[in-house]
Amino acid sequence: MPKAPDHRIVQWLARSHPDPEQAKRELQTGEGVTLLGLGDRIAAVRMPSALVHAALGAAELHEVAELLEERLGGAVIYDVRQPSGPTYYALIQGHARVTWDLDRFAACLGDGVFLGVPAPHRIEPPGPFWIVAPQFDGHLCRSSAVRELVSYGALRLQVAEPAAVGAAAEGGARDVVREV
């Protein structure tokens with residue numbers, strides 16, 4: 001499927017902002033990042049890089065990007081500037097957070113949380129960027145695929161080093177978002 005023009009993706013993302021026009025301006029100028037409210041439309045699963053890399057058996061960004069696109073089927077943000085370390089955010093349907101039960105390993109962020117979301121053209125650092133850029137309006141990851149990735153990564157971390165799972169989950173539970 002061909003990629004939608006960036007302005008259509010910006011419009012889609014802006015609909016999750018309390019002031020869509022402000023979000024459009026922020027995504028199209030300056031840093032190219034806006035804080036989007038998560039909830040009914042979009043939720044995000046915050047995944048520590050150690051968990052993702054364990055699940056994929058890869059840590060090189062180009063390889064991780066290909067594998068995430070193939071396995072999750074939707075948009076994923078990567079932010080290396082988190083106090084707890086690099087973090088991936090898989091965007092999923094907002095209603096999927098209702099049944100999410102893997103918060104111990106990867107928190108599902110929803111109502112009352114704002115996530116720093118980059119403009120569609122931001123596909124490399126500095127700051128948060130799309131490791132898997134949205135290709136069309138509503139390009140979200142399959143929540144079942146995210147669940148499988150998180151479960152497998154947690155299992156691999158437990159086998160490799162049991163303490164790493166708890167540390168990864170604790171570190172990934174505080175960053176990049178603002179709760180209101």
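Only heavy atoms go into these numbers, but all of them, side chains included; no hydrogens, no water, no symmetry mates.
- Between the CG atom of L36 and the OG atom of S16 there is a distance of 6.0 Å, given to the nearest 0.5 Å.
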Point to revise | Verdict with supporting geometry, L157 and L51, side chain to side chain contact (heavy atoms under 4.5 Å, CB included) | key: CA-CA 7 Å; L157 284 175; L51 181 94; 4.0 Å; yes
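- Inter-residue side-chain proximity for L61 and I131 is flagged as met; some heavy-atom pair is nearer than 4.5 Å.
- Minimum heavy-atom separation, R142 to R71: NH2-O, 2.7 Å.
- To the nearest 0.5 angstrom, L102 atom CG is 4.5 Å from R147 atom CZ.
- The minimum heavy-atom distance linking A23 with T34 is given by the pair CA-OG1, 3.8 Å.
- With D137 as the partner, the side-chain hydrogen bond (donor to acceptor under 3.5 Å, both in side chains) test is satisfied by one option alone out of R15, Q11, R8: R15.
- Inter-residue side-chain proximity for M47 and T87 is flagged as unmet; no heavy-atom pair is nearer than 4.5 Å.
- Side-chain contact between L72 and L67 is absent, with no heavy-atom pair separated by less than 4.5 Å.
- For the pair R156 (side chain) and A54 (backbone), a donor-acceptor distance under 3.5 Å is present.
- Within the 4.5 Å cutoff, the side chain of V33 has heavy atoms near those of the P128 side chain.
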Practice item. Run the numbers on V76 and L91 for side chain to side chain contact (heavy atoms under 4.5 Å, CB included), then give the verdict. Key: CA-CA 6 Å; V76 181; L91 301 186; over 6 Å; no
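- Across all their heavy atoms, H139 and G74 have their closest contact at NE2-CA, 3.6 Å.
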Practice item. Apply side chain to side chain contact (heavy atoms under 4.5 Å, CB included) to the pair L68 and L56, showing each step before the final yes or no. Key: CA-CA 8 Å; L68 286 174; L56 298 175; 4.0 Å; yes
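- A side chain to side chain contact (heavy atoms under 4.5 Å, CB included) with V45 is found for one member of Y89, W100, Y88 and no other, namely W100.
- Note on K24 versus D19: no salt bridge recorded, every NZ/NE/NH1/NH2 to OD/OE distance being 4.0 Å or above.
- Within the model, atoms CG of D111 and CG of L38 stand 9.0 Å from one another, a figure rounded to the nearest 0.5 Å.
- At a threshold of 4.5 Å between non-hydrogen side-chain atoms, the residues R97 and I92 do not count as touching.
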**Study point:** D103 vs C108, side chain to side chain contact (heavy atoms under 4.5 Å, CB included): CA-CA, chis, key distance, verdict
**Key:** CA-CA 6 Å; D103 283 327; C108 186; 4.1 Å; yes
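- Residues D79 and G127 come closest through the heavy atom pair OD1-C, 4.2 Å.
- Atom OG of S143 is separated from atom CD of E148 by 10.0 Å, given to the nearest 0.5 angstrom.
- Linking Ile, Leu, Val, Met, Phe, Trp and Tyr whenever their side-chain heavy atoms come within less than 4.5 Å puts W12 and W130 in one cluster.
- Contact between E26 and L35 at its shortest, heavy atoms only, is OE1-N, 4.2 Å.
- Here R122 contributes atom CZ and I77 contributes atom CD1; the two are 10.5 Å apart, rounded to the nearest 0.5 Å.
- Atom CZ in R41 sits 11.0 Å away from atom CG in L13 (nearest 0.5 Å).
- A donor-acceptor contact shorter than 3.5 Å links the side chain of Q135 to the backbone of A133.
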